[in-house]
Amino acid sequence: MPGIAACLEASRSVLSALSDGLAARGADSASWHERGIGLVARAELPSVHTLEGATAVADGVVETSALMARYLDEGVGALLGPPHPYAMVIADPARRRLYLARNGDGPSLYYARLEDGTVLVGSEPSALLSAGMPPTPDREVLDRFLETGVCDDTEATFFEGIRRVLPNQVLEARAEGVTVAASRSLQATAYAPVPVALRWSARGERVGVRFAQGLPGAALLGAAVSAQAEYAEDLGAPVAPVPVYTAVYEGESDDEQTYAATVLRALDEGSYRHRPLTFDAASFATGMPEFVRDLGEPMPDPASYVLWASARAATGEVDVLLDTAGAERLLPADDARATRPGHLSRLVDRVAARFGVGVRTPFPDVAGAGEGLRCELGSFVRSTLPDPAPRLADEVRVPVPLRTLLITAREHAYRVFTSPAFAGRPWVNQRRVLRSFAALLNGRVPPTRVEEEAAWFWRLYVVELWLRAHHPAVAVPRQRLPRSRTVRGGVTWQRHPVKTRWFGPDDGTGGFVDAVAWYVSELIAGDRLVEGSRQPWYLLVSARAAAVAQGRCTPMWEIRPGRLARLAANLTSADEWCTQVAIKDVGRGRVLRATIAGACGRLLRRPEWFERTLGSVAVRSLRGPAEGAPAPLDVGVLAPPRQPGRLSAQLTAEIAGKLSSAAAEHFGGCYLVTGSGAVLGRTVTDRSAAPGEDIVAALLADDPLGARDASTPLCVVVQERQNHR
């Protein structure tokens, strides 16, 4: 889809910035600018039309020159009424104004008026943001969306200060303000009979079907198969198979693929080509941020995501993709038509702009609803598909199993919900969100509330991804460490952080010990300063890496905080998920005593009493999810490694066995340490000469063990020299 933009009381550089914000809609651009008024179009073959002093750009199926002539003869009312939807901007330099028109439920058109009288217009909010509009969220719109899921039904957008032109509306933009010049009710559009609407949607040479369950999906399939057969007969060519796309969801046995295979079995194999699309955890982690960026603003339901992903997969295979969007709102209605989904035109517009696939959703435009529509669809399916397909398709289901999708996306969703950025949102209580989300995933929500709860979490998830797209966290670059550093007391230490592969639960204790010994022996053999040193050297090992290798990281969705853990969280500063894991290590009695001590300490401003009463350093080193850390640390609670003293002894023995005699002679031993420098276990040959915990903490002060990125979980430290006074 082409992209159009305009500006009023702005320079050519502003027009250029608007154009840059629409780069995704076409590599080429055509522009016009005169005395502070400008227009631009981006497409493969962009064009700007001029007629009798008026200039226009358009997006959609429209005869621009003919429509401009009608506008000059009849006024702005002539911009509404043609049968096809479109968006248009007309510049009138003589009167110093812009007319923003959107016919039918056509392509989106956004605008903003600044305090100095400047007016910015674009096909997407990205154009206005590129021209300098701040991406400030509109709190009122966000609150309404999170509560109800309604969006795109008013002129307000998710961006404060950016507004949209409503369907069948013409706005007059001047430096003094933006007013409505003409409008027409969208419901005045004549609804077409079911056969006419479906057959019209299936016209074209390369048409595919997003085959959802139920009569609506079967009706679209019948329309496409019938249209392709007629098209081939007219040309005297063989029938082209209709591409059929279905969604496969993890953990959902009765999915669209199973349904499609059952219905398609009745058809001639040459009339269709079935392609199942898998929606798994990996596709969510990579696809959801792209989906939110492409759509520009949050979408209220996962069906939009499935359609977007299907269109992306169909790129190059089809020109048009048929979808049942809107049918689920019509079939349950008894007396009146359901309200047209406001976000649908935005979805269709963005998909066409990004992938070159035109999405057609005929159901919002068919005549009828409820049982009447069901009967018409049944009749249409029986006339276009052979038995037993009509009988098998005669069932209405939820288009997308929302709770199943959330379970599939839980790892990525937990990364979002456990982040510090999410905790700072004024509209959420992070602890309650995590608790309720776990209840939903684990089936502890009453059946009558499952769909409502799942829809709310979906909206919360999408809104947070949208906020991150426009307000990304600033990454703090990690400073590289010097090779040597004087710590204290005249003792100089040489440090060698060791970059390793990422250790995972599959390594186990034995695999971790073997790998660490190999990395250290390779470093010692390849570093002359260490190999030739006659001073003691030691190995600092990240307890976090060891714990991950031992499988001590428990995903958040597997932890169910009990009453004691929740009590500790409410009375102290403890985290209820970490506390629940601690209960397994030290028992309920000690945690209860720590909770009482922590509550008293909180009153007396001694918050350390909870951890001090809890006990060992190992238990106090429990850590919750860390944003930006490698999986599974970003979505799990990490417990300390098992038997740290024994593990440090195993590491020391294995390393010594792989060293040359010269290197082994000065190897002083191994320390298993936390990121803060606390020693969980150590095995050294000479305790009197080995560095104490204060020295170890100083050596780890600037993160040589990679606590932020876990890339260097080992650090060899060499006592370089001792200065005697």
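If you read the sequence from its start, that first residue is 1, and numbering goes on from there. Keep in mind the model is a prediction, meaning the values are calculated, not measured.
- In this structure, OG in S47 is found 12.0 Å from CG in D28, a value given to the nearest 0.5 Å.
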Check against side-chain contact (heavy atoms from CB on, under 4.5 Å), R210 and T324
CA-CA 8 Å; R210 238 279 315 151; T324 62; 5.7 Å; no
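- In this structure a side-chain-to-backbone donor-acceptor pair under 3.5 Å is present from R164 to T154.
- Side-chain rings of W466 and F145 stay apart, their centers remaining 6.0 Å or farther from each other.
- Put simply, the side chain of Q228 gets close to the backbone of G204: a donor and an acceptor are under 3.5 Å apart.
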Run V170 and L100 through side-chain contact (heavy atoms from CB on, under 4.5 Å) and show every step you take.
CA-CA 5 Å; V170 181; L100 321 179; over 6 Å; no
Under the salt bridge (charged side-chain N to carboxylate O under 4.0 Å, His left out) criterion, do E147 and R459 qualify, and how do the steps go?
CA-CA 9 Å; E147 182 179 355; R459 296 194 294 269; over 6 Å; no
Run the numbers on D280 and S283 for side-chain hydrogen bond (donor to acceptor under 3.5 Å, both in side chains), then give the verdict.
CA-CA 5 Å; D280 53 17; S283 67; 3.1 Å; yes
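- With rounding to the nearest 0.5 angstrom, the CG atom of L467 is 6.0 Å from the CG atom of L142.
- Looking only at atom types and distance, the side chain of S304 has a donor-acceptor partner in the side chain of D301 under 3.5 Å away.
- In this structure, P362 and L220 have side chains that are in contact, with non-hydrogen atoms separated by less than 4.5 Å.
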For salt bridge (charged side-chain N to carboxylate O under 4.0 Å, His left out), just list the numbers for R360 and D323, CA-CA rounded to whole Å, side-chain angles, deciding distance to a tenth of an Å, and then say yes or no.
CA-CA 6 Å; R360 292 178 187 160; D323 187 75; over 6 Å; no
Could you please spell out the steps behind the ring pair (Phe, Tyr, Trp, His ring centres under 6.0 Å) verdict for Y414 and F437?
CA-CA 9 Å; Y414 264 108; F437 191 53; 5.3 Å; yes
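- Side-chain N/O atoms of R199 and S226 include a donor and acceptor closer than 3.5 Å.
- Looking at T55 and H49, their side chains never bring a donor and an acceptor atom within 3.5 Å of each other.
- Considering R354, R102, R25 in turn, R25 is the only one that fulfils the salt bridge (charged side-chain N to carboxylate O under 4.0 Å, His left out) rule with D349.
- Side-chain contact between R70 and P82 is present, with heavy atoms from C-beta onward closer than 4.5 Å.
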Check step by step if side-chain contact (heavy atoms from CB on, under 4.5 Å) holds for L221 and V244.
CA-CA 8 Å; L221 177 63; V244 177; 3.8 Å; yes
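- Side-chain contact check for V141 versus T157: every heavy-atom pair is 4.5 Å or farther apart.
- Using the six-membered ring where Trp is involved, Y249 and F279 have ring planes that are tilted, between 30° and 60° apart.
- Checked against a 6.0 Å centroid threshold, the rings of H274 and F211 do not count as neighbours.
- Using a 3.5 Å distance cut-off with no hydrogens or angles, the side chains of S345 and D105 do pair a donor with an acceptor.
- Atom CH2 of residue W308 and atom CG of residue D294 lie 5.5 Å apart, to the nearest 0.5 angstrom.
- Remark: L321 CG to T315 OG1 distance equals 9.5 Å, nearest 0.5 Å.
- Looking at E317 and Y245, their side chains do bring a donor and an acceptor atom within 3.5 Å of each other.
- Using cut-offs of 30° and 60° for the angle between ring planes, the W458 and F284 rings count as perpendicular.
- Aromatic ring pairs are classed by plane angle as parallel below 30°, tilted from 30° to 60° and perpendicular above 60°; the pair Y461 and F417 is perpendicular.
- In this structure, L215 and L373 have side chains that are not in contact, with every pair of non-hydrogen atoms separated by 4.5 Å or more.
- Looking at heavy atoms from C-beta onward, S65 lies out of side-chain contact with M68 at the 4.5 angstrom threshold.
- A donor-acceptor contact shorter than 3.5 Å links the side chain of R403 to the backbone of L440.
- If you take OG on S108 and CD on E124, they are separated by 8.0 Å, rounding to the nearest 0.5 Å.
- Summarising the geometry, atom CD belonging to Q169 is positioned 13.0 Å from atom CZ belonging to R184; distances are rounded to the nearest 0.5 Å.
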Salt bridge (charged side-chain N to carboxylate O under 4.0 Å, His left out) assessment of E371 paired with R374
CA-CA 5 Å; E371 288 301 320; R374 184 195 299 275; 3.4 Å; yes
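- Under the 6.0 Å cut-off for aromatic ring centres, Y71 and Y99 qualify, their centroids lying closer than that.
- Contact annotation: the side chain of L465 approaches that of H412 to within less than 4.5 Å [non-hydrogen atoms, C-beta and beyond].
- Enclosure of atom CD in E269 is not indicated, since only 12 or fewer non-hydrogen atoms of other residues, nucleotides or ligands lie within 6.0 angstrom.
- In terms of modelled atom types and a separation under 3.5 Å, the side chain of R42 and the main chain of A27 share a donor-acceptor contact.
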Tell me, with the steps shown, if Y305 and V462 meet side-chain contact (heavy atoms from CB on, under 4.5 Å).
CA-CA 10 Å; Y305 172 71; V462 173; over 6 Å; no
